[in-house]
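Here's the structure, in structure tokens; my notes come after.
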There are 2 protein chains.
Amino acid sequence: MNKQDYIKTAEGYAYDYPRAAVTTDCVIFGFDGTQLQVLLIERGVEPYKGHWALPGGFLRMDESVEECAFRELREETSIEPEMLEQFGVFSAVNRDPRGRVITIAFYALVRKEAVKGGDDASDARWFDIDSLPHLAFDHNDILKEARQALKRDIHHQPVAFKLLAEHFTMPQLQRLYERILGVTFDRGNFRKKMIASGVVREEQTKPVYTGHRPGKLFSFNLFGYGKMKEDGSNSQEF
Amino acid sequence: MNKQDYIKTAEGYAYDYPRAAVTTDCVIFGFDGTQLQVLLIERGVEPYKGHWALPGGFLRMDESVEECAFRELREETSIEPEMLEQFGVFSAVNRDPRGRVITIAFYALVRKEAVKGGDDASDARWFDIDSLPHLAFDHNDILKEARQALKRDIHHQPVAFKLLAEHFTMPQLQRLYERILGVTFDRGNFRKKMIASGVVREEQTKPVYTGHRPGKLFSFNLFGYGKMKEDGSNSQEF
DNA sequence: TATCTTTGCGTAAAATTTACACAAATAACA
DNA sequence: TGTTATTTGTGTAAATTTTACGCAAAGATA
């Protein structure tokens with residue numbers, strides 16, 4: 001541990017200069033097969049009591065901001081994502097009515113069916129990303145930047161697969177890409193390119209479906225993904 | 001202004017909970033025509049007195065982290081870059097011997113010839129990015145991530161042009177891309193693609209050069225760049 | 001004028017992307 | 001049992017882009 005840089009007084013922890021408080025906030029993305037979604041929690045205390053907000057909280061002295069984000073997420077939503085991606089710092093002087101608070105923003109990708117909390121008697125709820133309520137603090141701004149970060153990262157990281165179940169069909173994967181990027185792809189070409197890239201592997205499992213021809217099942221191929229990244233870095237693209 | 005969230009005591013500013021200090025640090029990239037470079041300053045005080053470090057300093061209560069980064073940069077190096085790109089937060093519990101300090105890291109791109117300070121009797125100096133000294137704090141780690149961020153952003157933002165003089169030759173631009181990305185390109189293809197993309201415009205100015213055939217001069221074409229981005233977002237690339 | 005070095009530019013082959021068309025699989029239903 | 005509706009799987013040809021490579025052009029130097 002570091003030497004202490006404060007003096008404990010009757011009024012609290014005293015420093016030579018005023019200090020901002022540090023928090024972390026998390027944007028939890030999910031996908032219901034059609035819409036990109038976000039997990040929000042309803043605030044139980046002032047300020048913004050009753051408003052929806054991103055899960056998050058104050059940094060402790062014995063943890064990094066990543067550890068803080070994981071902890072708050074576990075405490076408030078019981079979610080333990082594989083990874084949190086840090087995408088921005090929000091520090092406008094008046095962003096928090098309690099005083100000077102800056103927040104480090106992360107996003108996480110989860111399979112909705114793997115989330116325990118958030119559907120029982122909890123105060124957490126999934127919202128379609130295109131019909132969000134007005135959120136507490138500057139959380140609407142944070143969410144906007146989270147979407148951009150996701151859009152940016154999907155090209156370089158195996159982002160989509162963390163939002164889907166272990167087995168998924170090609171149309172499901174395509175719909176997710178389309179929602180994240182805000183575009184539409186040709187079905188045949190999307191499939192061809194995905195398979196050619198080696199990031200997906202066809203599974204033998206029989207698909208259960210309803211109403212029409214069922215799609216073949218695929219899974220994410222970590223090995224193939226690694227190879228894709230290598231090749232990409234040597235290419236002439238710029 | 002916010003209401004005060006501290007109590008001023010004889011020992012300093014007192015808070016209910018202990019707080020980490022917040023700093024910003026800046027990685028200033030430059031390009032000398034051959035090597036990618038970084039501007040560092042020599043620390044005049046403990047800790048790490050005499051060591052080289054990134055310019056940066058403590059967040060004040062009346063500024064955002066962006067404003068803090070700009071201010072510190074101006075104070076320590078006289079540089080006023082067009083923009084600072086935030087790329088990471090470093091918050092390991094023991095990263096600063098003075099106590100609990102987290103830092104928000106930015107990078108900036110500057111034309112070396114436009115930098116006033118840093119070459120007179122100042123304590124700032126340019127270093128080739130591949131022969132850096134051992135830096136103060138965790139600044140070597142920060143620099144490593146800055147390089148990755150630059151590498152990532154060069155595809156989506158007009159990064160390279162901020163490092164070159166207003167007029168530049170195609171081989172100069174190519175060398176810069178090659179240094180940032182760590183690859184080599186075919187000369188003819190690089191040129192073709194750059195011109196076709198519309199991000200550069202040929203200038204009429206006569207080139208001054210020595211030793212061999214001089215390259216034509218180009219400049220960055222903001223309008224063409226904007227168009228490129230639009231098209232890109234509608235494409236089928238994923 | 002010949003030589004050296006680097007830049008500018010063209011071209012053909014290879015690879016990829018794009019735009020469609022059509023067959024196949026399943027459920028629902030007459 | 002066939003017929004229809006819907007969605008998925010697959011092939012193919014044209015258009016476009018990428019890649020590899022060669023040669024001429026523009027200075028400087030001797």
Side-chain angles (χ1 to χ4, degrees), chain A residues 32-34 155 164-165 167-179 181 183-219 224 227-238, chain B residues 32-34 155 164-165 167-179 181 183-219 224 227-238:
Chain A
D32 70 353
T34 307
H155 299 294
L164 295 170
H167 295 322
F168 50 86
T169 68
M170 202 50 84
Q172 284 172 342
L173 181 63
Q174 181 177 345
R175 267 191 292 276
L176 176 54
Y177 264 86
E178 291 178 338
R179 287 295 178 281
L181 292 171
V183 295
T184 55
F185 297 118
D186 176 273
R187 183 160 38 93
N189 296 338
F190 181 89
R191 174 190 219 86
K192 220 181 316 178
K193 208 161 163 179
M194 270 297 160
I195 292 175
S197 76
V199 298
V200 294
R201 179 182 29 226
E202 193 175 334
E203 292 291 325
Q204 298 311 325
T205 330
K206 285 284 175 222
V208 192
Y209 215 56
T210 167
H212 50 71
R213 176 174 182 174
K216 289 185 182 176
L217 288 175
F218 292 85
S219 65
K227 255 180 53 179
M228 188 188 83
K229 281 188 72 167
E230 281 174 44
D231 299 353
S233 69
N234 295 353
S235 92
Q236 297 247 117
E237 284 173 45
F238 47 81
Chain B
D32 70 354
T34 308
H155 299 294
L164 294 169
H167 296 321
F168 49 84
T169 67
M170 202 51 84
Q172 283 172 343
L173 181 62
Q174 181 178 345
R175 266 191 292 274
L176 176 53
Y177 265 86
E178 291 178 340
R179 286 296 178 282
L181 292 172
V183 295
T184 55
F185 298 118
D186 176 273
R187 184 160 38 94
N189 297 337
F190 182 90
R191 172 188 220 88
K192 222 180 316 178
K193 207 162 166 179
M194 271 294 159
I195 292 175
S197 77
V199 298
V200 295
R201 180 181 30 224
E202 193 174 334
E203 292 291 324
Q204 298 311 324
T205 331
K206 286 283 175 221
V208 192
Y209 215 55
T210 168
H212 50 71
R213 176 173 183 176
K216 289 186 182 177
L217 289 175
F218 292 85
S219 66
K227 256 180 50 181
M228 188 189 83
K229 280 188 74 168
E230 282 174 43
D231 299 352
S233 69
N234 297 352
S235 90
Q236 298 246 118
E237 284 171 44
F238 47 83

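Reminder, nothing fancy here: chain letters follow the sequence lines and each chain counts from 1.
Computed from coordinates, the Leu217(B) CG to dG27(D) C1' distance equals 15 Å when rounded to whole Å. One atom, CZ of Phe190(A), and another, P of dT18(C), lie 13 Å apart when rounded to the nearest Å. Atom CZ in Phe185(B) sits roughly 18 Å away from atom C1' in dT7(C) (whole-Å rounding). In this structure, Met194(B) atom CE and dT18(D) atom C1' are separated by 15 Å, rounded to whole Å. Summarising the geometry, the separation between CD on Gln172(A) and P on dG9(D) is reported as 10 Å, rounded to the nearest angstrom.
In terms of the ring pair (Phe, Tyr, Trp, His ring centres under 6.0 Å) criterion, Phe218(B) has no residue partners (sequence neighbours excluded). Residues that satisfy the salt bridge (Lys or Arg N to Asp or Glu O under 4.0 Å) test with Glu202(A), not counting sequence neighbours, are Lys216(A). For Ser219(B), the side-chain hydrogen bond (donor to acceptor under 3.5 Å, both in side chains) criterion is met by Glu203(B), not counting sequence neighbours.
Side-chain contact between Asp186(A) and Lys192(A): absent, with no pair of heavy atoms (C-beta onward) separated by less than 4.5 Å. Residues Leu173(A) and Arg191(A) form no side-chain contact, since every pair of their non-hydrogen atoms from C-beta on lies 4.5 Å or further apart. A 4.5 Å side-chain heavy-atom check between Met194(A) and Phe185(A) finds every atom pair outside the cut-off.
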Distances under 3.5 Å between nitrogen or oxygen atoms of protein and nucleotides 9-13 of chain C:
residue: dC9(C); atom: OP1; partner: Lys216(B); partner atom: NZ; Å: 2.9
residue: dT11(C); atom: O4; partner: Lys192(B); partner atom: NZ; Å: 2.9

